[in-house]
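Report on one structure; see the data block that follows.
Remember, it's 1-based here, ligands and their atoms both numbered in the order they're listed.
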Amino acid sequence: MKARVTAHSRYTISDIDNRLYGSFLEHLGRAVYTGVYEPGHPQADESGMRKDVIDLVRELDTPICRYPGGNFVSAYNWEDGIGPKEDRPTRLDLAWRTSESNQFGIHEYADWAEKANTEMMLALNLGSRDLDAARAFVEYVNHPGGTYWSDLRKKNGRADPWGVKVWCLGNEMDGPWQIGHKSAAEYGHLANETAKALKAFDKNLELIVCGSSHSNMPSYPQWEATVLEQTYDQVDYISLHMYFENYEKNTAEYLALPEKLDRYIGTVSGVIDYIKSKSRSRKDVKISFDEWNVWYHERENDAKRMAEWDWPHAPALLEDIYNFEDVLQVGCILNTFIRRSDVVRIACIAQLVNVIAPIMTEPGGDAWRQTIFYPFQFASAFGRGTALQLDVDCPTYNADVASGVSYLDISGVHDGDSGTLTFFAVNRNGEETLEVDLALERFGTAKSVEHTLIKHDDLEARNTKENQNNVVPVKGDGATLADGGLSLSLPPYSYSMIRVQL
Ligand code: AHR
């Protein structure tokens with residue numbers, strides 16, 4: 001099968017905000033306990049942080065990490081996680097029917113984030129609590145000193161404020177499953193009043209208001225319109241979430257789902273423009289896509305186990321083991337974000353460790369890379385710069401979720417500083433190799449090209465504790481410099497990264 005792509009140095013979409021490669025750590029399952037934090041583990045440092053996990057997170061180079069939830073945050077008392085560890089209370093976590101020991105709180109998270117070289121993005125509880133708890137937390141975290149909350153932080157061992165910039169005003173407040181779920185009008189009012197208070201404290205904070213939990217929600221997209229109408233001038237981003245599943249084991253349908261993601265972003269972008277005009281505002285609100293990933297492998301098992309268990313602490317939960325097919329999906333999702341980087345400025349893979357995550361750990365044992373680690377790592381490392389508006393001419397197929405799905409899913413990024421062009425390409429055709437003629441216009445001379453390939457004969461192939469390197473990237477031989485561009489040969493069902501030195 002043949003395709004033609006044209007990249008032109010002046011046809012650009014946007015500069016990419018590096019926070020497009022953000023991540024998420026929730027108090028859920030083994031994400032925190034035996035994930036990032038495991039005192040007594042042979043690899044634990046003096047604070048109990050697993051150095052093997054920190055090394056893998058640093059490999060992903062995720063610039064920002066959302067914490068502490070997720071559904072967990074909507075009944076969380078942040079004060080439970082400060083002060084001497086022996087005095088911290090154990091509480092029930094109503095979201096996941098578990099117990100929370102609070103041995104890991106904001107001080108431990110800040111310590112870990114610094115070691116993992118990632119910026120903190122904090123979520124506030126607007127479910128069971130309100131603006132008073134939120135303003136106290138922000139003051140505790142960000143005020144230099146001389147007040148009750150900031151002096152308490154100092155007493156607890158942290159002299160300097162952490163200066164956290166990005167704050168989420170609750171989590172998935174449109175969802176009836178959320179503790180303290182609200183109607184759009186109720187939530188919009190609370191979010192606006194909370195945002196006003198936080199901006200009175202510091203007008204430079206970046207605030208994220210909750211949009212829809214997914215685009216099948218009955219309240220979507222009216223939720224976005226109602227909430228933004230009340231909050232537009234106080235907030236900077238609206239949050240969207242989407243998880244991808246393949247229960248039917250239909251690869252063509254599954255790989256078409258990013259088209260739905262694209263429509264979702266387009267629709268909410270339209271709602272933002274509508275409310276901007278309606279409120280005669282001059283400022284822009286952007287999208288923070290702060291939960292996305294594949295999530296279905298263990299979902300039914302988890303629901304059964306949760307219904308039966310007796311409030312365990314840090315049980316295995318949402319431990320999806322990803323396969324090679326999910327590499328293709330994650331590649332297409334990241335391509336969608338790059339192509340929409342003018343409006344999606346922050347995005348967070350959900351989540352980071354053990355819980356629907358690129359990194360897995362064994363308590364007391366190894367840490368390893370899941371299959372989806374690699375497309376995320378490549379996008380994070382080489383998807384920084386300017387997103388290119390590519391012209392793509394490729395045969396398509398029709399799926400239930402969308403018509404005209406291109407067999408070639410591709411994004412391009414120009415990094416002017418290093419003089420490189422990077423293309424991320426997924427061949428969605430399981431039968432045929434895609435022969436791509438990629439024209440490069442007005443970039444100057446291409447000096448060399450490198451091809452990195454992820455391909456496996458078995459779509460179900462996984463990386464497990466016993467077989468950690470079953471699905472790994474290899475050096476490909478499918479990219480050559482051709483007259484004025486590149487000639488690519490992309491095998492059936494494959495993920496490729498093509499890097500050109502200019
Ligand atoms: O990431 C898992 C869960 O998915 C989060 O806690 C919640 O926000 C979403 O529904």
Side-chain angles (χ1 to χ4, degrees), residues 22-33 35-36 62 64-76 92-98 100 109 121-128 166-182 187 191 208-220 223 227 237-245 261 264 287-303 305-306 314-322 326 329-330 333 346-360 370 372 376:
S23 58
F24 176 33
L25 184 73
E26 176 167 3
H27 281 253
L28 197 182
R30 299 192 308 112
V32 171
Y33 306 105
V36 300
T62 178
I64 193 162
C65 184
R66 182 170 176 251
Y67 171 88
N71 294 341
F72 170 80
V73 79
S74 293
Y76 178 54
L92 295 184
D93 164 20
L94 300 175
W96 302 104
R97 290 182 49 79
T98 56
E100 171 54 55
Y109 180 57
M121 164 174 172
L122 295 177
L124 298 162
N125 175 356
L126 291 190
S128 69
V166 186
W167 295 82
C168 307
L169 301 166
N171 174 69
E172 293 189 349
M173 297 308 300
D174 63 325
W177 60 86
Q178 202 68 216
I179 304 289
H181 158 66
K182 293 170 178 56
Y187 170 66
I208 304 174
V209 74
C210 293
S212 292
S213 307
H214 54 81
S215 60
N216 294 338
M217 291 297 291
S219 53
Y220 163 81
W223 173 277
V227 165
Y237 304 90
I238 184 155
S239 143
L240 299 182
H241 296 173
M242 181 168 174
Y243 290 99
F244 297 73
E245 51 202 43
L261 167 66
Y264 185 19
I287 292 172
S288 169
F289 216 107
D290 44 41
E291 284 187 36
W292 68 267
N293 204 349
V294 174
W295 176 14
Y296 76 98
H297 295 284
E298 287 299 322
R299 214 165 172 155
E300 285 172 2
N301 280 342
D302 283 337
R305 290 168 53 239
M306 269 175 70
L317 190 56
L318 277 65
E319 297 202 1
D320 280 30
I321 303 300
Y322 292 114
D326 301 325
Q329 181 68 287
V330 166
I333 296 168
I346 300 175
C348 302
I349 187 170
Q351 299 191 8
L352 189 58
V353 183
N354 286 332
V355 171
I356 42 174
I359 298 169
M360 290 303 292
Q370 290 235 52
I372 62 166
F376 185 85

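Every side chain to side chain donor-acceptor pair (under 3.5 Å) that D93 has, sequence neighbours left out, goes to T98. Under the side-chain contact (heavy atoms from CB on, under 4.5 Å) criterion, A357 pairs with no residue, sequence neighbours left out.
Listed by number with element, the atoms of ligand 1 under 4.0 Å from a non-hydrogen atom of W96 are 3 (C), 6 (O). Residue contact check: E172 has heavy atoms under 4.0 Å from atoms 7 (C), 8 (O), 9 (C), 10 (O) of ligand 1. Every atom of ligand 1 is numbered from 1 in the order shown, and the set under 4.0 Å from a heavy atom of N71 is 5 (C), 6 (O), 7 (C), 8 (O), 10 (O).
Looking at W223, its side chain does come within 3.5 Å of a backbone N or O of C210 through a donor-acceptor pair. Looking at Y322, its side chain does come within 3.5 Å of a backbone N or O of V294 through a donor-acceptor pair. Judged purely by atom type and a 3.5 angstrom limit, D290 has no side-chain atom pairing as donor or acceptor with the backbone of I346. Side-chain N or O atoms of D174 include one that pairs as donor or acceptor with a backbone N or O of S213 at under 3.5 Å.
Taking the ring centroids of Y67 and H27, they lie under the 6.0 Å cut-off.
Counting protein heavy atoms only, atom 8 (O) of ligand 1 is closest to E291 OE2, 2.7 Å. Ranking the protein heavy atoms by distance from atom 1 (O) of ligand 1 puts Y243 OH, 2.7 Å first. For atom 6 (O) of ligand 1, the nearest protein heavy atom (residue, atom name, distance) is E26 OE1, 2.6 Å.
At a 3.5 angstrom cut-off on N or O pairs, Q351 counts as close to ligand 1. Note: no N/O pair closer than 3.5 Å links H241 and ligand 1 by distance alone.
Here N171 has side-chain heavy atoms under 4.0 Å from ligand 1, and that is the only part of it that gets that close.
At least one heavy atom of W295 sits less than 4.0 Å from an atom of ligand 1.
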